[in-house]
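Note that the numbering runs from 1 along the sequence shown for the chain. Hydrogens, waters and symmetry mates play no part in the numbers below; they use all other heavy atoms, side chains included.
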Amino acid sequence: MYTILTGGAGFIGANILRELNDRGFSDIIVVDNLGTSQKWKNLLGCKFENYFNKQEFYELINKDFHYFGKVKSVIHMGACSATTEENMDYLMHNNLHYSQLMFNLASEHGVPFVYASSAATYGDGTMGFDDKKDIFRLRPINRYGYSKQLFDTWIDRNNFWSKAIGLKFFNVFGPREAHKDSMVSMVYRGYQQIEKTGKIQLFASDQPDYADGEQKRDFVYVKDCAKAVCDLVELKHAGGLYNLGTGFAHSWNDLAEALFIATGKKKQIEYFPMPEKLRGSYQYYTKAQMKKLSKVLPDFKFTPLQEAVKDYVKGYLQK
């Protein structure tokens, strides 16, 4: 029996793959789109049964839900995750239609289905970040967020939550994100900046309610995300849409300070104007409401920001 892991060579997916290996599982079918990217490096040292390109896998499953024999779970992390992507048809195929097929695969086998939604579905945050609220009322502010909302609402409209677990990932950072290019976390980018120039560059604020660098995010360590996903797969009757953040909002200045502490270097921050293309679509504040997830994973603990940044810097970036 196989676990199907889409996006298995990607950032969050590769960490889930390693967490599954750590728990003794290697009967895993990895699905991704390696192409000429560096994502293949995320698979080094991992144990899995086989790898399939995402389009090849899509065509195989679309013809026969039982192509791989018995399936024990479907973890669907594969998607276009670029918040700046402008090709809406591309997003529709990757983030909506592919997700529908993966859900139908899991449903056909009667097995757990866990998928990646996004905090981008909350839009500018004026409606809050409560995963108990009516998801139809949310107004994403970019195409990526809307494509994720479409699948959430498809599940909701068809009353499929008893068969699905959706996770609204907040600002995830950590190992195995280097291939993401412009979409890498500020922890990764900031570390590179410190090593090259001794300082970090952050967006200046263009809103009077926020000082420069005081825009806030719910930063969550990818190792915690991988553990939470694997814990949820093992649960029964935990279907629903959940936030996956820490429940704390830290400023970019806080994040920069954690990086300087981890590197042992003097804090130097330089602020530069918000790019024109981001104005109007930039979230100034996110903080996950975590009560819902806490009910199904009451003993789960998230790594504090400074500790997580230190682990990432010392254990990975400096190596």
Tell me, do D32 and K54 make a side-chain contact under 4.5 Å, heavy atoms counted? no
Rounded to the nearest 0.5 Å, what separation is found between the CD1 atom of I135 and the CZ atom of R157? 9.5 Å
In short, D181 meets R189 closest at the heavy-atom pair O-NH2, 4.2 Å
Between F302 and F300, what is the ring plane arrangement, given parallel below 30°, perpendicular above 60°, and tilted in between? perpendicular
I'd like to know if K265 pairs up with E195 as an ion pair, taking the criterion as any Lys NZ or Arg NE/NH1/NH2 lying under 4.0 Å from an Asp or Glu carboxylate oxygen. yes
I'd like to know whether the aromatic ring centres of Y115 and F113 sit less than 6.0 Å apart in this structure. yes
Any donor and acceptor pair, going by atom type alone, linking the side chain of K180 with main-chain N or O of S185 inside 3.5 Å? no
Got a second to check how far I61's CD1 is from L105's CG, nearest 0.5 Å? 5.0 Å
F129 six-ring face occupied by K287 cation (under 6.0 Å, within 45°): no
Please confirm whether the backbone N or O of K314 pairs with a side-chain atom of K319, one donor and one acceptor, at under 3.5 Å? no
Whether the side chain of Q289 engages the backbone of K291 through a donor-acceptor N/O pair (distance < 3.5 Å, no angle test) should be reported. yes
Identified salt bridge (charged side-chain N to carboxylate O under 4.0 Å, His left out) partner of D27 from the options K70, K72, K47: K72
Treating Q283 as the side-chain partner and A120 as the backbone partner, does any N or O pair qualify as donor plus acceptor under 3.5 Å? no
Give me the atom names and distance for the closest heavy-atom approach of N21 to S26. ND2-CA, 4.1 Å
How about Y271 and F203: are their ring centroids closer than 6.0 Å? no
All heavy atoms of P112 vs all of A106, minimum pair found to be O-CB, 4.2 Å
Report the C-alpha separation of K223 and T303 in whole Å, then their side-chain angles, then the decisive distance to 0.1 Å, and conclude whether the side-chain hydrogen bond (donor to acceptor under 3.5 Å, both in side chains) test is met. CA-CA 9 Å; K223 287 185 177 182; T303 310; over 6 Å; no
Can you tell if the side chain of V74 reaches within under 4.5 Å of the side chain of V114, non-hydrogen atoms only? no
I need the L20 CG to L5 CG distance, nearest 0.5 Å. 7.0 Å
Measure across A228 and L244 and return the closest heavy-atom pair with its distance rounded to 0.1 Å. CB-CD1, 4.1 Å
Check the side chains of Y284 and D206 for a donor-acceptor pair under 3.5 angstrom, ignoring hydrogens and angles. yes
Determine whether the aromatic ring centres of residues F103 and F160 are separated by less than 6.0 angstrom. yes
Atom NZ in K196, atom OH in Y191: separation rounded to 0.5 Å? 11.5 Å
hydrophobic_cluster_shared for I75 and M102, side chain cutoff 4.5 Å: no
Heavy-atom closest contact (A116 atom, K148 atom, distance): O-NZ, 2.7 Å
Ring centres under 6.0 angstrom apart (Y188, F173): no
Do V222 and L232 sit in one hydrophobic cluster, given that two such residues count as connected whenever their side-chain heavy atoms are within less than 4.5 Å of each other, even indirectly? yes
Electrostatic pair K227-E19, nearest N-O below 4.0 angstrom: no
Is it true that a side-chain atom of N42 and a backbone atom of A9 form a donor plus acceptor pair closer than 3.5 Å? yes
Hey, are E177 and Y312 close enough side-chain-wise for a donor-acceptor pair under 3.5 Å? yes
Report yes or no: do T126 and D124 form a side-chain donor-acceptor pair below 3.5 Å? yes
From F169 CZ over to F11 CZ, what is the distance, rounded to the nearest 0.5 angstrom? 10.0 Å
Determine whether a donor-acceptor pair (N or O, by modelled atom type, separation under 3.5 Å) exists between the side chain of D311 and the backbone of E307. no
Find the distance between CG (L101) and OG1 (T6) and round it off to the nearest 0.5 Å. 10.5 Å
Name the orientation class of the two ring planes belonging to Y67 and F52 (parallel below 30°, tilted from 30 to 60°, perpendicular beyond 60°). perpendicular
What one should report as the nearest heavy-atom pair of N95 and A79 is OD1-CB, 3.2 Å
Quick one: are R18 and R23 in side-chain contact, heavy atoms under 4.5 Å? no
Sub-6.0 Å ring centroid separation between Y51 and F57: no
If we ignore angles and hydrogens, is there a donor and acceptor under 3.5 Å between the side chains of S107 and N104? no
Pick from T286, D131, N243: which one makes a side chain to side chain donor-acceptor pair (under 3.5 Å) with Y122? N243
Under a plain distance cut-off of 3.5 Å, with no hydrogens placed, do S37 and H179 share a side-chain donor-acceptor pair? no
D212 side chain to S205 backbone, donor-acceptor under 3.5 Å: yes
How about Y58 and H93: are their ring centres within less than 6.0 Å of each other? yes
Assert yes or no for the condition that the ring centre distance of W252 to F219 is strictly below 6.0 Å. yes
